Amino acid sequence: MYRRVSYLLAAGLLLAACEAPAPVQQPPQLGPDGRPVQTVVRINPEDAPRVRQRMADGLNTLRQQNGLAPLRPNSSLASAAATHAQDMSFQSRPWHWGSDGSSPMQRAERAGYSGAFVGELISETYETEFETANAWMQEAETRQVILDRRARELGVGWHQDDNGKLWWVVVLGEPGSSGEVPPSLEMAGF
């Protein structure tokens, strides 16, 4: 009896699901310039570990697709990235130099990173970590940093302004090396 009622209930739910109207896809809202209006993605403090992991997973997927070793999180690089993201917001411009004149290599060293600096990715956007990583892969300079064979560690940081704008920074490093930066692209962003 119980099994029969369960089957009837399951069949009824399945039928109801089949008859439910499909959600209507709303076209994106367009601004006066005809381009889609940015939606604001809010990152709450409790979301921080998941956001860092999703960015790392996204970059590692891109690296894996290109036959490269995955990047491991490094707290010193994450500290350097978070500090610079906040500083870019303070300066109101996405660029690799700190308001104190510091370079990405100097910030990694200040944060206690003992390996070699490999590269820094930056972005000023309203996009999620997935959209940002994908945008970086579309540009030759940032793709080169993501796919650098020397990179083995990363730090992910961001700062979100009150208006929702996100300032992303990812710093890549190579553990246990001399600390010298080879003559290759070492910074990229947009």
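Note that the structure is predicted; figures quoted are calculated from it, not measured.
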- Query: Of all residues at least two apart in sequence or in a different chain, which pass the side chain to side chain contact (heavy atoms under 4.5 Å, CB included) check with Ser102?
  - Reply: Asp100, Gln106, Arg107, Arg110
- Is there a side-chain contact between Trp158 and Thr125 (heavy atoms, below 4.5 Å)? no
- Message: Donor-acceptor pair, distance only, cut-off 3.5 Å: does the side chain of Gln91 make one with the backbone of Trp97?
- Response: yes
- Query: Between the side chain of Arg63 and the main-chain N/O of Ala151, is any donor-acceptor distance below 3.5 Å?
  - Reply: yes
- Message: Working to the nearest 0.5 angstrom, can you tell me the gap between Glu153 CD and Glu174 CD?
- Response: 9.5 Å
- Rounded to the nearest 0.5 Å, what separation is found between the CG atom of Asn74 and the CG atom of Leu172? 11.0 Å
- Task: Side-chain contact test, heavy atoms from C-beta onward, threshold under 4.5 Å: evaluate it for Leu59 versus Met55 and give yes or no.
- Result: yes
- Query: Checking side chain to side chain contact (heavy atoms under 4.5 Å, CB included) for the pair Met137/Leu147: CA distance, chi angles, key distance, verdict?
  - Reply: CA-CA 9 Å; Met137 282 301 287; Leu147 301 180; 4.1 Å; yes
- Can any side-chain N or O of Asp148 pair as donor or acceptor with the backbone N or O of Gln144 at less than 3.5 Å? no
- Item | Heavy-atom closest contact (Ala81 atom, Gly155 atom, distance) | CB-O, 3.7 Å
- Task: Of all the heavy-atom pairs spanning Leu77 and Ala108, show the shortest one and how long it is.
- Result: CD2-CB, 4.1 Å
- Hey, are the side chains of Arg152 and Arg72 touching, using non-hydrogen atoms and a 4.5 Å cut-off? yes
- Message: I want to check something: taking the side chain as every heavy atom from C-beta on, are Trp168 and Leu121 in contact at a cut-off of under 4.5 Å?
- Response: no
- Message: Please determine whether a side-chain nitrogen of the Lys or Arg among Arg50 and Asp47 lies less than 4.0 Å from a carboxylate oxygen of the Asp or Glu.
- Response: yes
- Are there more than 12 heavy atoms of other residues, nucleotides or ligands under 6.0 Å from atom CD of Gln64? no
- Interatomic distance, Ile146 atom CD1 to Asn66 atom CG [nearest 0.5 angstrom]: 10.0 Å
- To the nearest 0.5 angstrom, please state how far the CG atom of Leu68 sits from the CG atom of Leu62. 10.5 Å
- Task: Nearest 0.5 Å please: distance from the CD atom of Gln86 over to the OG atom of Ser99.
- Result: 10.0 Å
- Shortest non-hydrogen contact from Met88 toward Ser123: CE-O, 4.4 Å
- Could you state the interatomic distance from CD (Glu120) to CE (Met105), rounded to the nearest 0.5 Å? 9.0 Å
- Do any N or O atoms from the side chain of Thr61 and from the backbone of Asp57 form a donor-acceptor pair under 3.5 angstrom? yes
- Message: Could you check whether any side-chain heavy atom of Val170 comes within less than 4.5 Å of a side-chain heavy atom of Trp136, counting everything from C-beta outward?
- Response: yes
- Nearest heavy-atom neighbours spanning Gly67 and Arg149: O-NH1, 4.4 Å
- Heavy atoms, side chains only, cut-off 4.5 Å: are His84 and Asp87 in contact? yes
- Query: If we only count heavy atoms from C-beta on, is the Asn163 to Tyr126 side-chain gap below 4.5 Å?
  - Reply: yes
- For Trp167, enumerate each residue passing the ring pair (Phe, Tyr, Trp, His ring centres under 6.0 Å) test, keeping only those at least two apart in sequence or located in another chain. none
